[in-house]
Amino acid sequence: MSATGKQRKRVLMVGLLCQDILNLVHHYPAEDEDVRCVDQFWQKGGNAANSACVLSSLGESTEYLGAVSSRAEASSALQELRDFSVLTEHVVYSDCPIPTSCVIINMQTGSRTIVHGHRNMAELTAEDFSNLDLHQYKWIHFEGRNTAEVCKMMGIVEEYNNNVATPDDVIILSTECEKPKYKMGHLIPKVDVLFVSKEYAESCGFCNAEETVTKLLQRVKKGCTVLCAWGDQGADGITSGGTHYHCQAFAPEKVVDTLGAGDTFNASVIWGLCRGTGLEEALRLGCRIAGQKCGQVGYKNLH
Ligand code: FRU
């Protein structure tokens, strides 16, 4: 396939779409306090959905796939994805309430405290996933959740990759180990690009991003790149050959909203790598755009 042919293909982001209810407050409330917020609004959330919006804003043809509530209350979250020009034609509808996060954004620090209700939402299955025509995609990112099914979905992509006509048709697989509770260990050796959150790294006993990428490189498959963002300490990445890069954080003038900063980092790195930048530049893009996100509320106009 020609380079332009590959460019026309989509990036697919698989994972959660939820409703975030953001409460912007002047100070973090004490238990049982009755506070008024400075602002309150609804925003779509979920790691895969957030990353999809950022990637699409950056100019990448992007599709979101997940199990989505068919109820009226969920329509604004889905519409918001579409407003970001994210393609959604393969989402699987389920008659469940939309998972919802109540988020407190402390405007003094930008910290985001999330109380998430999953509300028995169905998860996407490998059977749903098997209905896709994989020729449309050049990169598939799986949010690290629903691990057993995601493992099967990755198997479907592996099989597709083993039978493609040319190496250009091979789909790049990535995932993020974010929440330790999802026990994602057996996904680690399956991907080409592995994102690791600070929380996951700490749960493995790692003390910083460099240690994380260096140690996890021993558990990934040949050719895999590993990245780890560590909040205001910046981020590290390592190539499959062991070349290590560090990039400092791009702190905005004032940190106002860190919700989805990690999702923004992942999307920006994927964007860079899709455009053929090396790891060092992709890492820099991730840190720069995640920094920009922390300096504003929401995900609009990131560039
Ligand atoms: C941010 C986020 C929110 C969502 C929560 C789910 O990374 O995706 O949008 O409410 O995490 O854990």
Side-chain angles (χ1 to χ4, degrees), residues 13-24 40-57 62 64-69 73-74 76-81 83-84 86 88 91 96-106 109-124 141-147 150 174-184 195-203 227-231 235 255-270 286 289-294 296-300 302:
M13 307 301 290
V14 184
L16 179 71
L17 170 67
C18 68
Q19 184 67 63
D20 286 352
I21 301 175
L22 273 72
N23 296 282
L24 274 59
Q40 182 180 64
F41 52 91
W42 288 26
Q43 182 176 271
K44 62 91 201 74
N47 294 7
N50 292 335
S51 294
C53 289
V54 175
L55 251 177
S56 180
S57 305
T62 308
Y64 163 79
L65 178 67
V68 171
S69 166
E73 63 186 38
S76 72
L78 196 56
Q79 185 54 45
E80 203 180 321
L81 275 178
D83 292 345
F84 274 91
V86 173
T88 58
V91 297
C96 302
I98 184 167
T100 300
S101 294
C102 294
V103 185
I104 298 176
I105 306 279
N106 179 352
T109 62
S111 77
R112 91 291 178 260
T113 303
I114 303 173
V115 180
H116 182 73
H118 186 247
R119 306 173 81 197
N120 287 328
M121 183 65 191
E123 293 282 358
L124 189 79
H141 176 85
F142 290 95
E143 179 181 328
R145 54 186 293 114
N146 188 21
T147 315
V150 165
S174 61
T175 195
E176 181 185 21
C177 291
E178 193 208 23
K179 296 183 179 70
K181 70 173 178 192
Y182 288 128
K183 310 224 178 321
M184 299 183 55
F195 295 96
V196 186
S197 74
K198 181 181 172 196
E199 185 190 350
Y200 188 92
E202 285 175 336
S203 78
L227 297 107
C228 176
W230 207 274
V255 176
V256 292
D257 170 18
T258 57
L259 183 68
D263 308 334
T264 303
F265 173 83
N266 296 352
S268 308
V269 168
I270 292 173
I289 300 172
Q292 192 190 344
K293 197 258 113 25
C294 293
Q296 68 173 53
V297 177
Y299 305 94
K300 288 209 177 114
L302 296 174

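Read the numbers this way: they start at 1 and go in the same order the structure lists the ligands and their atoms. Residues: numbered from 1 along the sequence shown. Bear in mind that the values here come from a model prediction, so they are computed numbers and not experimental data.
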J.: Measure and list all N/O to N/O distances between ligand 1 and the protein that fall under 3.5 angstrom.
T.:
{"from": "ligand 1", "atom 1": "7 (O)", "to": "N47", "atom 2": "OD1", "distance (Å)": "3.1"}
{"from": "ligand 1", "atom 1": "7 (O)", "to": "D263", "atom 2": "OD2", "distance (Å)": "2.8"}
{"from": "ligand 1", "atom 1": "8 (O)", "to": "G46", "atom 2": "N", "distance (Å)": "3.3"}
{"from": "ligand 1", "atom 1": "8 (O)", "to": "N47", "atom 2": "N", "distance (Å)": "3.1"}
{"from": "ligand 1", "atom 1": "8 (O)", "to": "N47", "atom 2": "OD1", "distance (Å)": "2.6"}
{"from": "ligand 1", "atom 1": "8 (O)", "to": "N50", "atom 2": "ND2", "distance (Å)": "3.3"}
{"from": "ligand 1", "atom 1": "9 (O)", "to": "D20", "atom 2": "OD2", "distance (Å)": "2.6"}
{"from": "ligand 1", "atom 1": "9 (O)", "to": "G46", "atom 2": "N", "distance (Å)": "3.0"}
{"from": "ligand 1", "atom 1": "9 (O)", "to": "N50", "atom 2": "ND2", "distance (Å)": "3.1"}
{"from": "ligand 1", "atom 1": "10 (O)", "to": "D20", "atom 2": "OD1", "distance (Å)": "2.6"}
{"from": "ligand 1", "atom 1": "10 (O)", "to": "S101", "atom 2": "OG", "distance (Å)": "2.6"}
{"from": "ligand 1", "atom 1": "12 (O)", "to": "K179", "atom 2": "NZ", "distance (Å)": "3.3"}

J.: Going by salt bridge (Lys or Arg N to Asp or Glu O under 4.0 Å), name the residues that satisfy it together with E143, two or more places apart in sequence or in a different chain.
T.: R145

J.: Please answer whether the main-chain N or O of L17 pairs with a side-chain N or O of Y64 as donor and acceptor at a distance below 3.5 Å.
T.: yes

J.: What pair of heavy atoms forms the shortest contact from Q40 to N23, and how long is it?
T.: NE2-OD1, 2.6 Å

J.: Salt bridge (Lys or Arg N to Asp or Glu O under 4.0 Å) with K44: which residues, sequence neighbours excluded?
T.: none

J.: Mind checking side-chain hydrogen bond (donor to acceptor under 3.5 Å, both in side chains) for D20 and listing every partner two or more places apart, or none if nothing turns up?
T.: none

J.: State, to 0.1 Å, how close V196 and A201 come at their nearest heavy-atom pair, and which atoms those are.
T.: CG1-N, 4.2 Å

